[in-house]
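Structure first, commentary second.
Just so you know, residue 1 is the first one in the sequence shown, and it goes up from there.
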Amino acid sequence: MSVFTDLATLRNHLQTFDMDGIEVQTTAIVLSGTDDVQLPHNALEEDSVSVYTQLTNTPAGPVVIALSGENWYATGYDAALPDSSVVAQDQYPVECHVEGIDYAFDDDNARIKRFASGSIGNGDSVYIWLMALTKAIENVDYEIDKIGRASCR
């Protein structure tokens, strides 16, 4: 059975269709100059996008932090490229701690905490290297329109 309709009716049905949003994290996009770049997703909710820039291709660090308890400690960076952190017991990252066993690293906020059951002792200092990301400011560093096009300013 075939059903035919016109474009206006189809558009009306699609625009009134309500669907839960999709959460997307860490999508790498390269913005060059002021050229528009189409993002892989459209119809973005206002204030739902955070843009970070990777200013260098070399790891930042070492950042030395004494960890105590199971508290979160900031590294001093806005964020870190996912899965880029290396945590060692000294300035030579030969013997590294294991993420998920010895410590947790929050890439979105570039912060770390030790696990009491891990190999990092209470009050021990750790050396951290990471691919640092700097948060960009919307309408200052970049623009995103309602249909998902981004450009540098």
M131 with Y52, same ILVMFWY side-chain cluster at under 4.5 Å: yes
Interatomic spacing from NZ in K135 to CG in D141 - rounded to 0.5 Å: 11.5 Å
Pairwise side chain to side chain donor-acceptor pair (under 3.5 Å) hits with a residue in residues 111-131, at least two apart: H97-S119, D102-S119, D106-R111
Atom of A80, atom of A110 and distance for their closest heavy-atom approach: N-CB, 4.1 Å
For A132 against A60, the heavy-atom pair lying closest together: CB-CB, 4.1 Å
Sidechain-backbone polar pair: T53 side chain, L55 backbone, donor-acceptor under 3.5 Å: no
Joint cluster assignment, F105 & I120, ILVMFWY side-chain distance < 4.5 Å: yes
Pairs where residues 68-81 contributes a residue and the test side chain to side chain donor-acceptor pair (under 3.5 Å) is met, not counting sequence neighbours: S68-Y73
Shared hydrophobic cluster for V63 and V86 (ILVMFWY, side-chain gaps under 4.5 Å): no
Heavy-atom closest contact (D108 atom, A79 atom, distance): O-CB, 3.6 Å
D35 side chain near V37 side chain, heavy-atom distance below 4.5 Å: no
Nearest-0.5 Å distance that lies between atom CG in L130 and atom CG in L81: 9.5 Å
